[in-house]
Amino acid sequence: MSFLPTHRPRRNRKSAVIRDMVQETRLTAHDFIYPIFITEGQNQTEEIKSMPGIFRFTADRVIDEIGACVDLGVKAFAPFPNINEVLKDPMARESTNLEGLYLKAVADIKRQFPEVVIMTDVAMDPYSSDGHDGVVDPDSGEILNDASLEVLGQMALAQARAGADIIGPSDMMDGRVAWIRRVLDENGFSHVSIMSYTAKYASAFYGPFRDALSSAPKKGDKKSYQMNPANRLEALRELALDEAEGADMVMIKPALSYLDIIREVKNHTHLPVTAYNVSGEYAMIKAAAQNGWVDGERTMMEVLTSIKRAGADAILTYFAKEAAAVLRRG
């Protein structure tokens, strides 16, 4: 043979030890934020059919689940409430009830696990009789941006009072980061962080989440405030605004179909970047694994690695507990 290659990248792949030594991206349990669903009642868990392995927990049982996750090294959680329909109204008033399901559960978690980080969700849809993230004009059906800010600010303040460490505005109203930052600071919560949903796309991947919370819009859709999936540069405009308004961290949602956006944002900010590996992405992998079409565990770890490789410093993922157990096994 007259030609032999000079450069042989395979030399760095020839053994498990060398492959591990030169590995560029590493997952740890500290990378994960675990979304967790809370529902009314006592001593109950209910599996979500569209999300195999994910449950709605009553507030007492969620404490056990968090304890199990902490033992695996997961120490950041994003609780979401499944609110009784009779408590919902157009102004989402239940969202500020400190004795209600959500805020009481947040306070209980922080009391029993003071070392964990709780990231709360700021959007009206779990509490709104309209199922939208903002106030709906009853005549036109328009989502009223500025009227929504007052509701979102009071919601964020109530969550801070309950013990939230990080406030996560997921509503995509214009100006909400600045508004929430001012409300928190004026009320003595300057230490509470804001992780803004900077680029939250109007995605088809949210279906199982909406099943879990019964929070789908009653009329219309969310395209007037969530971003067009076809847009990339718009994410950078949202990033610039969130930075200017005082966000401490930024988030891309969804993750798997938006790896390019994660990298784009990472290249344009010095803030920590997070990504939400959403319910539909989780459900697709679980369904394929249950049918024997993919190796579920390997696919899970490959997807999570790809999200971190794209630039995410932290990942909200329903795989958090399962992936932490895999990492614990080594």
Side-chain angles (χ1 to χ4, degrees), residues 28-38 57 59 62-81 95-124 126-127 152-171 176-198 200 213 242-243 245-253 269-277 312-318 320-321 324:
T28 75
H30 299 296
D31 296 324
F32 302 142
I33 303 170
Y34 191 20
I36 197 163
F37 298 112
I38 303 173
F57 297 93
V62 82
I63 297 298
D64 296 334
E65 179 71 358
I66 288 177
C69 292
V70 169
D71 289 343
L72 290 169
V74 178
K75 296 185 179 179
F77 300 88
F80 293 92
S95 67
T96 59
N97 179 9
L98 288 171
E99 293 303 313
L101 168 69
Y102 187 61
L103 298 180
K104 192 170 184 298
V106 168
D108 288 346
I109 293 167
K110 286 299 293 184
R111 185 163 45 250
Q112 298 203 45
F113 296 96
E115 76 280 11
V116 307
V117 166
I118 297 297
M119 174 188 164
T120 50
D121 179 60
V122 175
M124 289 177 60
Y127 314 92
L152 298 169
Q154 291 307 305
M155 187 185 305
L157 179 59
Q159 292 172 358
R161 286 173 171 156
D165 301 287
I166 301 172
I167 300 296
S170 65
D171 55 283
R176 87 273 201 212
V177 172
W179 185 282
I180 290 169
R181 184 73 274 162
R182 180 177 62 82
V183 169
L184 292 176
D185 290 354
E186 289 179 354
N187 287 276
F189 291 99
S190 59
H191 61 285
V192 174
S193 306
I194 295 177
M195 181 189 290
S196 175
Y197 285 60
T198 292
K200 182 178 180 181
L213 297 187
D242 284 354
E243 287 183 319
E245 292 179 19
D248 300 287
M249 296 169 253
V250 296
M251 186 197 296
I252 312 304
K253 180 183 180 182
T269 188
H270 296 294
L271 295 178
V273 175
T274 61
Y276 199 148
N277 178 211
D313 298 292
I315 306 169
L316 281 82
T317 178
Y318 301 95
K321 183 181 179 183

Quickly, which of R181, M249, E245 forms a side chain to side chain contact (heavy atoms under 4.5 Å, CB included) with I194? Name it, please. R181

Minimum side-chain heavy-atom gap M124-L152 below 4.5 Å: yes

Residues S190 and D185: closest non-hydrogen pair is CA-OD1, 3.3 Å

Does some side-chain heavy atom of M251 sit less than 4.5 Å from a side-chain heavy atom of L316? yes

NE2 of H191: more than 12 outside heavy atoms within 6.0 angstrom? yes

Can H30 and F32 be said to form a side-chain contact (heavy atoms from CB on, under 4.5 Å), step by step? CA-CA 6 Å; H30 299 296; F32 302 142; over 6 Å; no

Taking the side chain as everything from C-beta on, heavy atoms only, tell me whether F80 gets closer than 4.5 Å to P35. yes

Heavy-atom side-chain proximity of L271 to D242 below 4.5 angstrom: no

State, with a plain yes or no, whether a side-chain heavy atom of L103 is found less than 4.5 Å away from one of Q159. yes

Give me the ring orientation class for Y276 and Y318: parallel if the planes are under 30° apart, tilted from 30 to 60°, perpendicular past 60°. tilted

Would you check if F57 and I66 make a side-chain contact, meaning some heavy-atom pair closer than 4.5 Å? no

Taking the side chain as every heavy atom from C-beta outward, state whether I109 and F77 have any atom pair closer than 4.5 Å. no

